Amino acid sequence: KNPAEIVFVPVDPQIDGFQNSVVDFTEFKIDIGPFTRYYSTQSIRLEEGLHTLQFRSGDRAGNIEADHILTINVDGTLPSQIIDLTAIATSENSILLNWTAPGDDGIVGRVQSYDIWVSSSPILTETDLASVGKISQSIVPDLPDTNESFIVTGLLENTQFYFAIRARDKVDNLSPL
């Protein structure tokens, strides 16, 4: 589970930079905690889960603006690994890939997209991915435990190909290779 980092930078939108700003302070609170006032850049870490961030600024005359409220969903859970990728030749220059749709957060929820790579050499590590071609595709992922398929076309005849696939969730967490 990966925490998220949020960085607050106090800047008056009317003036370039904080030094000449009429904003005296900005304060925030996370969930039900107390407001924390800060006068310079502030960094906080949020653990996985749903959080409410409330913030506001005040000027030197004592005026405080209305609260701004954001809901933040920190998602550090990777999609499940795709472990059953198969490839079947459908013609001299195309291959049908089949796999079972993984879950977004482990085994729950629909993933956002898939990243698929093809190479004439085995793809076993992250380093291998950097040197092989990523296939452009627009598969709309189905629900977990559903059969998925994609036809790769434009391949060279009489060539052995290797494929790798990863699921990507809505916050760009990637499943293991």
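These figures come from a predicted structure and were not determined experimentally. These values consider heavy atoms only, across backbone and side chains, with no hydrogens, waters or symmetry-generated copies.
Within 6.0 Å of CG in Asp145 there are 12 or fewer heavy atoms belonging to other residues, nucleotides or ligands. The neighbour count for Ile107 CD1, taken as heavy atoms of other residues, nucleotides or ligands under 6.0 Å away, does not exceed 12. For Ile69, the CD1 atom is densely surrounded, since the number of other residues' heavy atoms within 6.0 Å is greater than 12.
Here CD of Gln54 is found 10.5 Å from CG of Asp31. Values are rounded to the nearest 0.5 Å. Here the straight-line distance linking atom CG of Asp169 with atom CD of Gln112 works out to 8.0 Å at 0.5 Å rounding. Rounding to the nearest 0.5 angstrom, the gap separating the CG atom in Leu96 from the OG1 atom in Thr86 is 7.0 Å. We find the CG-CD distance between Leu46 and Glu5 to be 10.0 Å, quoted to the nearest 0.5 Å. To the nearest 0.5 Å, atom CG of residue Leu177 and atom CD of residue Glu126 are 6.0 Å apart. To the nearest 0.5 Å, atoms CD1 (Ile30) and CG (Leu70) are separated by 9.5 Å.
Criterion: ILVMFWY side-chain heavy atoms under 4.5 Å apart, direct or through other members. Under it, Ile72 and Phe55 are part of a common hydrophobic cluster. Cluster membership for Leu174 and Val132, using ILVMFWY side-chain heavy atoms within less than 4.5 angstrom, is not shared.
Inter-residue side-chain proximity for Ser149 and Asn98 is flagged as met; some heavy-atom pair is nearer than 4.5 Å.
Applying the 4.5 Å side-chain rule to ILVMFWY residues, one finds Ile82, Leu85, Ile95, Leu97, Trp99, Val111, Tyr114, Ile116, Ile135, Ile139, Phe150, Val152, Leu155, Leu156, Phe161, Phe163, Ile165 in the same cluster as Val118. Clustering of Ile, Leu, Val, Met, Phe, Trp and Tyr side chains at separations under 4.5 Å leaves Ile83 isolated, with no partner residue.
Asp84 contributes a side-chain N or O that, together with a main-chain N or O of Thr100, makes up a donor-acceptor pair within less than 3.5 Å. Between the Asp128 side chain and the Ser131 main chain, no donor and acceptor come within less than 3.5 Å of each other. Between the side chain of Asp142 and the backbone N or O of Ala101, no donor-acceptor pair lies under 3.5 Å. Ser80 places no side-chain N or O within donor-acceptor distance of the main-chain N or O of Pro102, the cut-off being under 3.5 Å. At least one donor-acceptor pair under 3.5 Å links the side chain of Glu65 to the backbone N or O of Ser57. Under the 3.5 Å distance criterion, the side-chain polar atoms of Arg37 are left unmatched by any main-chain donor or acceptor of Glu27.
A salt bridge is defined here as a Lys NZ or Arg NE, NH1 or NH2 lying under 4.0 Å from an Asp or Glu carboxylate O, and Arg56 with Asp67 meets this definition.
Among all heavy-atom pairs drawn from Asp75 and Lys170, the shortest one is OD2-NZ, 4.1 Å. Smallest separation of non-hydrogen atoms from Ser121 and Ser119: N-OG, 2.9 Å. The minimum heavy-atom distance linking Leu129 with Ala164 is given by the pair CD2-CB, 4.2 Å. Residues Pro176 and Pro79 approach most closely at CD-O, 3.7 Å, considering heavy atoms.
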Item to check | Verdict with reasoning, Thr77 to Val108, per side chain to side chain contact (heavy atoms under 4.5 Å, CB included) | outcome: CA-CA 10 Å; Thr77 304; Val108 179; over 6 Å; no
Item to check | Stepwise side chain to side chain contact (heavy atoms under 4.5 Å, CB included) check, Val7 with Ser43 | outcome: CA-CA 4 Å; Val7 178; Ser43 177; 4.2 Å; yes
Next on the checklist: Determine whether Leu50 and Thr71 satisfy the following criterion, side chain to side chain contact (heavy atoms under 4.5 Å, CB included), listing intermediate values before the conclusion.
Outcome noted: CA-CA 7 Å; Leu50 196 61; Thr71 300; 3.5 Å; yes
Item to check | Test side chain to side chain contact (heavy atoms under 4.5 Å, CB included) applied to Arg110 and Leu143, step by step | outcome: CA-CA 5 Å; Arg110 187 185 309 233; Leu143 294 172; 3.1 Å; yes
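Of the listed residues (Gln137, Arg166, Arg168), just one forms a side-chain hydrogen bond (donor to acceptor under 3.5 Å, both in side chains) with Asp115, and that residue is Arg168.
When the ring pair (Phe, Tyr, Trp, His ring centres under 6.0 Å) test is applied to Trp117, no partner is found at least two apart in sequence or on another chain.
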